[in-house]
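This structure is a prediction, so every number in the text was calculated from the model and none was measured.
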Amino acid sequence: MVARTNELSIKIEEAIRLLSVHVPLSDENSRKPVLFHSVRVGVYLYENGYSDDVVLAGFLHDTVEGWTTATEQVVREAFGDNIMRLILASTKDYSIEDSGDRTIELIKRCVQNGQDALIVKAADTIDSFRWYLGQNNEDEINTCVKTANAIFEVKPDGFDDKIFVELKKWSDKGKQRAQREAIL
């Protein structure tokens with residue numbers, strides 16, 4: 001395990017406090033509890049030794065996507081330009097109506113912002129795979145597979161972090177699940 005600083009722990013607490021103020025409570029009708037998802041993504045990145053900025057962006061990756069009350073300005077003031085850049089890279093552009101086009105544009109934007117941005121999106125997708133496979137939510141599992149496919153289609157060869165190997169394993173699980181469901 002990578003040695004971590006007290007400074008990062010304090011920043012993580014700040015991120016969780018920001019999330020707890022700005023993320024609405026989930027209920028039984030929620031696709032997935034957003035606050036818990038955000039925490040899991042950040043913890044995954046933390047436990048896997050990613051840089052402080054990647055970890056914090058993981059915790060905060062959904063903050064400005066539209067279902068929270070956090071603004072870009074609030075997040076930028078609290079966490080700085082680089083973390084905000086990573087968050088914005090993995091934030092969906094809902095002005096793009098077609099979901100497939102929206103996903104490709106998002107992944108291309110991550111790539112333009114560097115491997116760290118794509119790592120945050122990959123961690124987000126891995127957590128979504130874990131959640132939706134556990135919930136037996138076939139539609140969302142298929143969405144995760146499509147997102148993973150887009151990552152592998154757009155990802156440059158030079159982006160060779162270990163997270164992409166793990167994402168491939170989850171994507172394969174999702175595809176196997178879809179094939180089993182199609183047979184039934």
**OP:** Please list, chain by chain and in numerical order, all residues satisfying side-chain contact (heavy atoms from CB on, under 4.5 Å) with Asn6, sequence neighbours excluded.
**Re:** Ser9, Ile10

By side-chain hydrogen bond (donor to acceptor under 3.5 Å, both in side chains), which residues pair with [X], not counting sequence neighbours?
| X | value |
| --- | --- |
| Asn136 | Arg177 |
| Asn142 | none |
| Gln73 | Glu77 |

How close do [X] and [Y] get, heavy atom to heavy atom, and via which atoms?
| X | Y | answer |
| --- | --- | --- |
| Cys144 | Thr125 | O-CG2, 3.9 Å |
| Leu45 | Ala123 | CD2-CB, 3.7 Å |
| Ser20 | Leu35 | N-CD1, 4.3 Å |

Show me, pair by pair, the donor-acceptor contacts under 3.5 angstrom made by side chains of residues 110-118, not counting sequence neighbours?
| unit_1 | atom_1 | unit_2 | atom_2 | d |
| --- | --- | --- | --- | --- |
| Asn113 | ND2 | Arg109 | O | 2.9 |
| Gln115 | OE1 | Asp160 | N | 3.1 |

Should the pair [X]-[Y] be classified as a salt bridge under the 4.0 Å nitrogen-to-oxygen rule?
| X | Y | answer |
| --- | --- | --- |
| Asp81 | Arg76 | yes |
| Arg17 | Glu14 | no |
| Asp172 | Lys168 | yes |

**OP:** Check step by step if side-chain hydrogen bond (donor to acceptor under 3.5 Å, both in side chains) holds for Lys32 and Ser128.
**Re:** CA-CA 9 Å; Lys32 66 183 169 192; Ser128 293; 2.6 Å; yes

Original post:
So, Glu166 and Trp170: side-chain donor and acceptor under 3.5 Å apart, yes or no?
Top reply: yes

Does [X] qualify as a cation-pi partner of [Y], given the criterion of NZ or CZ under 6.0 Å from the six-membered ring centre and within 45 degrees of its axis?
| X | Y | answer |
| --- | --- | --- |
| Lys162 | Tyr50 | yes |
| Arg40 | Tyr44 | no |
| Lys155 | Phe164 | yes |

Original post:
Mind checking whether Val120 and Phe152 sit in one hydrophobic cluster, side chains of I, L, V, M, F, W, Y counted as touching below 4.5 Å?
Top reply: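 As far as the 4.5 Å side-chain criterion goes, Phe152 and Val120 are connected within one cluster.
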
Donor-acceptor pairs are to be reported for all side-chain atoms of residues 53-66 against protein atoms at under 3.5 Å, with residues two or more places apart or in another chain.
| unit_1 | atom_1 | unit_2 | atom_2 | d |
| --- | --- | --- | --- | --- |
| Asp53 | OD2 | Asn82 | ND2 | 2.7 |
| His61 | ND1 | Gly58 | O | 2.7 |
| His61 | NE2 | His37 | NE2 | 3.1 |
| His61 | NE2 | Asp124 | OD1 | 3.3 |
| Thr63 | OG1 | Leu60 | O | 2.8 |
| Glu65 | OE1 | Lys92 | N | 2.9 |

